[in-house]
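Note sheet for the following structure.
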Amino acid sequence: MTHSEIDAIIDRYKGKESSILAILQDIQAKEKYLPKETLEHVGGRLRIPINKIYRIATFYRAFSLMPRGQHEVCVCMGTACHVRGAQRVLDQIKLGLGIRPGETTKDRNFTLETVNCLGVCAAGPVVAIDGQYFGKMSSAKVDGTLKKFSSDKKKKEGANGKA
Amino acid sequence: MVRLSSPQELGKYRDEILSKRNPDQSLITVCGGTGCHASGCHAVVDAFKKVLHEKASGNGIGLRVTGCHGFCERGPLVVIQPKKVFYQKVKPEDVPTIFQETVLNGKILEGLLYDHPVTGEKIISEEEVPFYQKQRRIIFGNNGNIDPTQIEDYLAVGGYQALAKALFSMKPEEIIREVKKANLRGRGGGGFPAGLKWEQCRNAPGNIKYVICNADEGDPGAYMDRSLLEGNPHSVLEGMIIGAFAIGSHEGYVYVRNEYPLAVENLGIAIRQAEEVGLLGKNILGSGFDFEVRVSRGGGAFVCGESTALMASIEGNVGEPRAKHIHTVISGLWDKPTNLNNVETWANVPVIINEGADWYGRIGTEGSKGTKIFSLVGKVNNTGLVEVPMGITLREIVYDIGGGIPDGKGFKAVQTGGPSGGCIPESMIDLPVDFDRLTEVGSMMGSGGMIVMDETTCMVDVAKYFMNFLKDESCGKCTSCREGTKRMHEILTEISEGRGKPEHIDLLEELGWVTMEASLCALGGTAPNPALSTIKYFRKEYEEHILNRRCPAKVCRALLHYRILSELCTACGRCAKVCPEKAITGIQKTKKEKGKPFEIDPVKCIQCGMCLETCKFDAVEVE
Amino acid sequence: MVSFKIDGQSVEGKEGANILEVALDAGIEIPHLCYNESVKPYGACRLCLVEVVKSGRSRMTTSCTYPVTEGIEVLTRTEKTLRARRMIIELILAMCPGDKLIQDMAREMGVHEVRFKKEDKDCILCGLCGRVCDEVVGAHAIQFAFRGDRKEMVPPFGEEAMNCIACGACVIVCPVDVIRMKEEGDERTILRWKRTLKMKQCKVCGNYFAPWFQLEKFKEQVKLSKDFFDVCYTCRT
């Protein structure tokens, strides 16, 4: 991200120091992570010392300091999904991708995350991939679902369908 | 859009909107809540749009994508007005038939109707669906009648009438008196009387005051606030404006979870539209009262649901709570008097102003007036969002509304209050749901998550699950919370993996006591509840894990033994193919040979459960 | 002045003071780790818990964050406070079993065994180093990062603390003495923050007295003659 792009985001919030969270979120949404140089530039513009910025960037789970994969696999670990077997689904995905939550596959194709509740409890266990929800997941359905995203072309499906 | 500068103009505008709407004309409403999104409502909506566009007879027939109807288990939901024909689990392929038969010809498609779980009878209209019958949807009910992105819909159902009444026919002190009389208690979990909070904030010294809507709904399994914000954001805004007027505040914030993008979007649209029309911003409805609302997004931290942490977050800091010796109503956001209330609490305000505290007080119990929206989820047939009068029993919620436990399994417990709450066992299932009764038995109302558990749920596992969540979400400041939750989780893990020791239960209780008593905020203060309440009501289950290394509910993997029943095994070999550890061997049957039953090597087995899920002959046994 | 009682003893504190500082001034010992009079109270360690009786109701709270209030009764050694403090010191000891101060405090409080899996951390997460660096020194070189059991005190990005001026304030304020400073030749290193800076020699005595980087920072902030920073503190006085 260029300095002028970052400045445009900062200006949208009138350079207010208290808008640091919103600014970081907008950067995260565009870049998919928060590069070190970007954080240093933001700190300079807002006059916030970098130690505080690093503290904020690591405190909130919304932010990632490492580049993310092409596809984000988000497993809901909410209570309702949990009692319906979400842990088994997560374990199967961990096995299949070879990574743990928070990590990205070596080929940078997948990043695995867990979230504490997606708010789609009726369809649990739920896995969201790139914002698409897959409800009533089971360990048996994992491989087939992941395969849909294995190729490099991003699929743009109209409906948020079930797996 | 028109700009309204008096209550009379508001009334006139509403009449205009209503005059253009024919209540007898067919209107197709499709639930657009997130639950239905996940079931594919988008495709259903697109299919309707297509058919309405293509057929000439589609002219004049409206299509409305509404807020969440609450019956998420049966989505996508389509309700055909005016008869309120209720179709559930609708697929895009059903749409042309629905249009032709029901919309045009008034015929009912039985296959899409909800059937009564006991009588099998087909139910036609939404109101008669048992899921809704015991509910009292004074807050949530409008979701199904409005498109949240159209302020005219909200006006058409009487929206902003309460605001007009408050601004022009009531004084701030009167409003506070009414809210106090109604005994509206905080719906976010604290249960603190809202009217009292407003009064303290109003009386605090200072000209600059803030109101905040806490939409950081972090309890896993709870999504009531999400559906209210997505489905009827104006109801929340209206409540906030009335509250701000009563308190003397001109600036408000809605702090919404990062994980609710649709709520953020619909809220933004609602704010913009309300401002355009003159119901928000400067000189609201010509009253001279100014009030602005900003949306603040959370960063993915459960602890930011705590009021001082939330305020720290809005100020641009980490969400670390601070000591509340001086309450936030005196010194809160930027050290100014601040009134914070939950989404559902704010949504109750217009109802109280419109109907009056006396009417409101007739619903509920002595100590808990009004209704509460619960997310009824887990091992229950009718999963969804339910709004019930306080005082209804857990049994009625789980069985009459929830339709009981699926697959004929037995009820074991219901968990209320999220990670701060506790499990309530079957012996207490006739407990009336109200703030004080739930706290008495070691749980709490919390924000409204209600997780039903059956005999296949392991209570040790539930305690471990919540403790894992809390240890991750702890801000880490207090030794007692950070180390307390960590060590409690450690012990629960030991127990669930067969390394439990008899002294562990006492140690859990000791740790629980310190975590509760020594921690600064309610996260640490309530963190031990799930563990302590499960020890209280399910001690035998803990003892089974510790003394006999057994998990009666067959959940704790390390304590399970998977084996194949040779008499049922057909030697199809499917299990061996899916086993990640290649732990299953046998001789696969062929056209000529019967093969030999497959066997699981217990040493290699990692108890993943793939074989159990794959076997089509029920030949895999777990014990 | 605000009058109140601690363990039956009448004490007085200035408006805005906290119970702990008044107690310590009066010679009443309340165990504490994360409190230091040079920085704002933080309330992290939870050791300074006391019971405060106000209007007939008793609450257990940290004495470092509770503002002195007229007429309250503070009890520092009740069964509840002692029980809580014992568990807390045991938890800290389990986290940092090698810290001598924690071992001593635990022994004093009657805690002789640790019932949890011992870790091998040394930092007790009191935050004093970062708080002093931010509030007193103004270098903003280190701060807490992450949260929950992953919380740690680090320079930004876990790399060398680029804003550190190697003043040594963090070394002095750390209660468990785990921040070490070393001087070798013309270099000073704060080991924990991976910060090594070259030192300047005094024009008069020839000793290495302060890092160049530190003196440059001071020059930016104060209006003093350039040669003020050529002479060490001892020789100046």
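First the proteins, then the strands, lettered A, B, ... as listed; each starts at 1. Note that these values count all heavy atoms, side chains included, but never hydrogens, waters or copies made by symmetry.
With respect to chain C, the highest number of heavy-atom pairs below 4.5 Å among B:His325, B:Glu483, B:Arg482 belongs to B:His325. When the candidates C:Lys117, C:Arg85, C:Arg150 are compared by the number of heavy-atom contacts under 4.5 Å with chain B, C:Lys117 comes out ahead. Among B:Ala518, B:Ala323, B:Ser519, the residue with the largest count of heavy-atom pairs under 4.5 Å with chain C is B:Ala518. Between chain B and the residues C:Leu47, C:Leu91, C:Ile92, C:Ile124, the largest count of heavy-atom pairs under 4.5 Å involves C:Leu91.
Neither the backbone nor the side chain of B:Ile326 comes within contact range of chain C; no heavy atom of the residue lies under 4.5 Å from a heavy atom of that chain. Only the side chain of C:Thr61 comes within contact range of chain B, with heavy atoms under 4.5 Å apart. Of the two parts of C:Leu33, neither the backbone nor the side chain holds a non-hydrogen atom closer than 4.5 Å to a non-hydrogen atom of chain B. Proximity to chain C (any heavy atom under 4.5 Å) is shown, for B:Glu503, by neither the backbone nor the side chain.
If you take CG on C:Leu125 and SG on B:Cys478, they are separated by 12.0 Å, rounding to the nearest 0.5 Å. Put simply, CE on C:Met87 and OG on B:Ser480 are 11.0 Å apart, with the number rounded to the nearest 0.5 Å. The NZ atom of B:Lys486 lies 6.5 Å from the CE atom of C:Met95; values are rounded to the nearest 0.5 Å.
Salt bridge present: B:Glu510 and C:Arg83 bring a charged side-chain N and a carboxylate O closer than 4.0 Å.
Looking only at side-chain heavy atoms (C-beta outward), B:Arg487 and C:Glu90 stay at 4.5 Å or farther from each other. Taking 4.5 Å as the limit, some side-chain heavy atom of B:Lys477 sits within range of a side-chain heavy atom of C:Tyr42.
Atom NE2 of B:His504 sits in a crowded spot, with more than 12 heavy atoms from other residues, nucleotides or ligands closer than 6.0 Å. More than 12 heavy atoms of other residues, nucleotides or ligands shown are found within 6.0 angstrom of NZ on C:Lys121. The number of heavy-atom neighbours closer than 6.0 Å to CG of C:Asp120, taken from other residues, nucleotides and ligands shown, is 12 or below. Shown here is C:Glu37, whose CD atom has no more than 12 heavy atoms of other residues, nucleotides or ligands within 6.0 Å.
The backbone N or O of C:Gly148 lies less than 3.5 Å from no partner atom in the side chain of B:Ser474, so there is not a single donor-acceptor pair.
Taking all atoms of both residues into account, the shortest heavy-atom contact from B:Asp472 to C:Arg147 is O-NE, 3.2 Å.
Residue B:Glu517 is tested with C:Lys80, C:Arg46, C:Arg59 for a salt bridge (Lys or Arg N to Asp or Glu O under 4.0 Å); the sole match is C:Lys80.
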Exercise for review: Begin from the C-alpha positions of B:Leu511 and C:Phe116 and carry the test side-chain contact (heavy atoms from CB on, under 4.5 Å) through to its verdict.
Suggested key: CA-CA 11 Å; B:Leu511 273 169; C:Phe116 315 109; 3.7 Å; yes

